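Numbered from 1 within each chain, the chains take letters A, B, ... in sequence-line order. Remember, it's a predicted structure, so these values are computed and weren't measured experimentally. Basis for what follows: all heavy atoms, side chains included, without hydrogens, waters or symmetry-related copies.
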Amino acid sequence: MSDTLYSPQSIEIKWQKLWDESGIDVASEGEGDNRETYYCLEMFPYPSGNLHMGHVRNYCLGDAVARYKRMRGFNVLHPIGWDAFGLPAENAAIKHGRPPAEWTYANIEQMSAQLKRLGLSYDWNREIATCKPEYYRWEQWMFTKLMEKGLAYRKEAEVNWCDPCHTVLANEQVEDGVCWRCDTPVHKKNLAQWFIKITDYADELLNDLDKLSGWPDKVVGMQRNWIGKSSGAEVSFQVEGSDKTLDIFTTRPDTLMGVTYMAVAAGHPLAIKAAENNAELAAFLEECSVISTKEADVATMEKKGMALGVNAIHPITGEAVPVWVANFVLMSYGTGAVMSVPAHDERDYDFAKKYGLDIKQVITNATGDADVSEAAFTDAGVLIHSGEFDGLKSNKAKKAITYWLNTNNKGEERTQFRLRDWLVSRQRYWGTPIPVIHCENCGTVAVPEQDLPVVLPEHLQPTGGASPLADCEAFVNTSCPQCGKAAKRETDTFDTFMESSWYMNRYTSANCDTAMLDANSMEKWAPVDQYIGGVEHAVLHLLYARFYHRLMRDVGLFDGEKVGSEPFKNLLTQGMVLLDGTKMSKSKGNTVDPVTIIEKYGADTARLFTLFAAPPERDLEWSDKGVEGASRFLNRVWVLLDKVGQVNPGQADAKTTKTLRRTIHTHIQRVTHAFEQGFAFNVAIAAMMELSNALNAFDAHDDEGKAVVEEGVRALVTMLAPLVPHFACECGERLGFATVAVMAAWPEVDESALVQDEINLVVQIQGKKRGEIVVSPDVSQDDALAAAQADEGITKWLEGNQIVKVILVKGRLLNIVVKPA
RNA sequence: GCCGGGAUGGCGGAACUGGUAGACGCAGGGGACUUAAAAUCCCCCGGUGGUGACACUGUGCCGGUUCGACUCCGGCUCUCGGUACCA
């Protein structure tokens with residue numbers, strides 16, 4: 001019997017100390033290190049105060065990957081840091097009356113200790129915090145480069161505005177159309193904001209999605225839809241009685257002859273002008289400004305509109321069609337105006353029915369009987385009531401009509417993206433200052449490189465109203481770098497997606513203080529081989545990071561040939577951690593504290609459970625009982641170690657020993673396969689449990705049996721090392737491993753151990769299992785059929801029938817198809 | 001609304017490329033050990049019928065392809081994530 005019981009607390013602290021001292025988690029930059037590099041990265045945490053189970057899951061997955069790759073002989077980079085700017089720090093600051101910096105730094109300290117207690121194999125030498133000037137100075141530098149290149153620009157955009165609070169609200173701060181703090185209805189307001197031209201990269205970002213074979217199809221699909229390339233035409237409608245045109249984009253120029261009205265956004269200049277002497281219309285525009293800017297709200301609200309009393313001239317027929325303002329047309333998408341073809345578009349149809357607008361059918365189906373009296377006909381088809389275009393199919397008609405518009409100077413072929421430029425300004429304090437100075441003489445001037453970073457004062461106290469940065473004279477007042485006269489700093493800060501868009505590259509050269517990146521280090525490690533994080537980042541963060549990586553490439557920070565255009569080679573999107581079927585969250589009060597679990601069961605049990613309870617990409621339902629099960633398994637393995645070296649009295653059986661050895665090697669194969677195929681740790685652990693059960697059920701009666709048991713237990717402990725590293729190291733020490741278990745070589749499958757003399761072959765009649773026969777693994781179809789026909793349990797199903805077809809699936813089954821004789 | 005997932009026993013899940021559905025674990029039932037309890041160990045465990053061998057049935061719903069479908073195709077339902085200022 002083992003003289004010591006498995007006691008996780010002391011073991012874990014012991015090994016954490018030993019790993020730290022030996023530096024095995026440090027990514028080697030050394031010249032003499034010839035190992036292939038592997039970069040494993042988990043999405044860095046927002047320092048909210050305490051680690052939650054979502055973090056634990058994310059980082060246990062990443063750690064298992066990193067440790068597995070080390071055991072496979074890779075030189076692994078596995079860094080960690082803090083996404084430290086953001087709204088929650090300001091909210092906490094308001095609540096506690098202390099500056100966000102204090103709260104943030106205290107949280108980082110606390111969460112670092114919690115991460116360390118989990119035994120995660122991070123290279124802490126590369127730790128970064130995005131709220132530090134050493135980090136964000138390079139983001140500011142990059143922004144000034146983008147200004148130089150014309151990729152950053154300023155224009156007006158709508159924000160959620162709360163009058164009493166005198167501040168811009170995040171979408172999250174708008175609840176059912178009212179401000180979360182004062183319950184006043186929120187309305188839209190235009191502000192001058194900074195944008196980055198991600199649309200210049202839309203085609204590249206779209207086309208390169210094909211290269212992302214290591215990403216889940218669903219994420220690639222979501223990005224493709226988000227970028228949303230569509231081809232169609234831009235069409236100019238003359239505004240009646242004016243020299244202005246109303247320009248629209250449509251993907252269906254074939255339906256142009258069916259336009260019966262136009263619709264513009266409430267913020268469209270035409271609507272604003274028409275409202276000048278129309279009180280009713282002005283009131284409607286005001287009503288439209290009181291809804292949130294969320295797409296989901298806009299899409300689900302009741303569709304409303306009002307005629308502007310203005311007409312547009314149809315470019316082909318010359319007919320006048322009324323222009324309406326509609327609450328579902330967005331100023332931020334396309335031109336802020338659409339042509340409406342109710343006969344062939346569902347939304348236009350509903351709107352036309354509601355307001356009694358004309359419905360003119362111009363497309364029919366192949367049989368010519370498409371009907372629009374009850375619903376819109378939205379399929380492609382054949383043109384009717386379209387003058388010279390009658391009889392053309394939709395595809396041809398699109399080209400013909402676009403060609404007509406082009407030759408008559410009333411439109412042209414166009415590609416439109418759903419993707420909009422990235423709005424990076426935030427009217428908030430706790431973020432990276434935008435490195436711009438406003439000068440009365442010179443306009444907006446970028447802060448010169450030698451004056452960077454623009455340091456954010458960390459002592460300010462937000463109140464819930466306007467940003468305290470704007471009131472901080474020491475920050476705001478400066479001089480113009482061009483003319484030297486008194487000038488004012490930009491007080492907006494960057495969207496926090498800016499920081500998280502390049503941190504993965506910064507880790508390669510985290511301590512470089514002379515440039516954003518050290519090109520050599522970047523080219524050594526990047527791109528990230530395996531990125532792991534929540535699927536909720538499938539579009540925004542991952543798209544911005546793909547974009548920013550290209551910006552860094554194009555600014556010349558690294559060689560695009562060597563690194564490639566994509567920052568993340570493989571992506572694993574993990575599911576959420578649920579309790580009672582809903583996401584664990586503080587606000588719902590359904591959380592389980594990781595620290596409590598670690599204190600009760602140890603980090604290894606917590607790690608094992610989160611990896612075992614669900615496949616990585618699926619949601620994980622938390623179960624206290626399941627945690628106990630994980631703990632029991634570790635105890636069983638702990639006791640199993642006592643079997644090593646034992647020879648029991650009794651008769652040895654060579655066949656049983658051979659079967660055990662086969663089991664050991666099929667399980668090494670299965671575990672390895674599970675690791676290699678999408679890191680299916682839940683399946684790997686199940687296979688390890690089976691192996692443990694098989695070893696436990698076997699008693700060695702001779703030296704051969706003893707040797708096989710030892711082989712099996714050693715393989716089991718080695719394969720457990722990436723998942724429960726402290727436990728495996730302690731077991732390895734007990735077994736006399738030559739190296740620490742977490743750096744041991746991964747077990748190899750002995751193919752010769754897998755060979756079987758005979759197998760059970762399933763016999764089916766009409767695809768239903770009716771029995772099994774024992775045959776050689778490479779039995780012929782005829783021999784298998786003969787064996788089946790000799791089996792009493794099977795022949796009874798064949799009686800009175802004639803065999804029509806026989807199918808042998810080698811090593812699996814024999815299916816006999818019969819019909820009544 | 002739009003875009004994208006998911007649905008398998010009482011529960012979490014497994015099932016290779018279309019080839020024995022329910023591995024592994026949890027819960028539950030029975031037993032061993034114990035004065036007792038805990039811990040541990042052994043057996044059973046989708047449903048219906050049957051003492052049993054066994055039979056029928058069964059992977060959200062409806063339909064299809066196939067010798068054979070959890071897996072492929074068409075149509076739904078419910079649910080979750082994203083929806084551009086939460087990160």
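Set against B:G13, B:A87, B:C85, the side chain of A:Ala614 has B:G13 as its closest nucleotide. The side chain of A:Met689 approaches B:C24 more closely than any other nucleotide in the set B:A87, B:C24, B:A14. Checked against B:A84, B:A14, B:C24, the side chain of A:Pro615 finds its nearest nucleotide in B:A14. Across B:G12, B:C24, B:A87, the shortest atom-to-atom separation from the side chain of A:Asp83 is found for B:A87. For A:Ala170, the listed nucleotide lying nearest its side chain is B:C85; candidates were B:A84, B:C85, B:A23. Relative to the side chain of A:Arg420, the nucleotides B:G4, B:A84, B:G25 differ in distance, and B:A84 lies closest. Nearest to the side-chain atoms of A:Val809 among the listed nucleotides B:C41, B:G19, B:C85 stands B:G19. Checking B:C41, B:G1, B:C85 against the side-chain heavy atoms of A:Thr300 singles out B:G1 as nearest. Comparing B:U83, B:C85, B:A87 by their closest approach to the side chain of A:Arg428 singles out B:C85. Comparing B:C24, B:U83, B:C86 by their nearest atom to the side chain of A:Trp226 picks out B:U83.
Of all nucleotides present, none satisfies the Watson-Crick or G-U wobble test against B:C45 with each distance under 3.5 Å. Checking B:G4 for Watson-Crick or G-U wobble geometry (two distances, each under 3.5 Å) identifies B:C80 as its partner.
Checking A:Glu490 against A:Trp194 by side-chain atom types alone, a donor-acceptor pair falls below 3.5 Å. A:Asp492 and A:Gln427 share a side-chain donor-acceptor pair at under 3.5 Å. Side-chain atoms of A:Tyr153 and A:Asp421 form a donor-acceptor pair, as typed in the model, at a separation below 3.5 Å.
Look at the C1' atom in both B:U48 and B:C42: the space between them is 29 Å, to the nearest Å.
Ion pairing between a basic and an acidic side chain is recognised when a charged N comes within 4.0 Å of a carboxylate O; A:Glu302 and A:Lys354 show such pairing. A salt bridge between A:Lys643 and A:Asp699 is present, with a side-chain N of the basic residue lying under 4.0 Å from a carboxylate O of the acidic one.
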Between the protein and nucleotides 46-48 of chain B, which nitrogen or oxygen pairs are less than 3.5 angstrom apart?
none

If you restrict it to nitrogen or oxygen atoms, what contacts under 3.5 Å exist between nucleotides 49-59 of chain B and the protein, and what is each distance?
residue, atom, partner, partner atom, Å
B:C56, OP1, A:Arg770, NH2, 3.4
B:C56, OP2, A:Arg770, NH1, 3.1
B:U57, OP2, A:Lys768, NZ, 3.2

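Remark: the backbone N or O of A:Thr251 is not paired with any side-chain donor or acceptor of A:Ser230 at under 3.5 angstrom. Of the possible donor and acceptor atoms, none in the side chain of A:Gln574 sits under 3.5 Å from a partner among the backbone N and O of A:Pro616. Using modelled atom types, one side-chain atom of A:Arg252 and one backbone atom of A:Thr378 make a donor-acceptor pair closer than 3.5 Å.
Base engagement by A:Val159 is indicated by at least one non-hydrogen atom pair under 4.0 Å involving a base atom. When heavy atoms are screened at a 4.0 angstrom cut-off, A:Asn693 is found touching the sugar-phosphate backbone but no base atom.
Side-chain atoms of A:Trp622 and A:Ile597, non-hydrogen and from C-beta on, do get closer than 4.5 Å to each other.
No more than 12 heavy atoms of other residues, nucleotides or ligands sit less than 6.0 Å from atom CD of A:Glu346. Within 6.0 Å of CG on A:Asp217 lie no more than 12 heavy atoms contributed by other residues, nucleotides or ligands.
Look at CG on A:Asn225: it is 17 Å from P on B:G82, rounded to the nearest Å.
Contact check, A:Arg418 against B:C2: no side-chain N or O comes under 4.0 Å of OP1 or OP2.
In B:G6 the base sits anti relative to the sugar, since the glycosidic angle is further than 90° from 0.
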Take nucleotides 67-81 of chain B nucleotide by nucleotide from the 5' end and write B, S or -, depending on whether a protein heavy atom sits under 4.0 Å from the base, only from the sugar-phosphate, or from neither. B------------SB

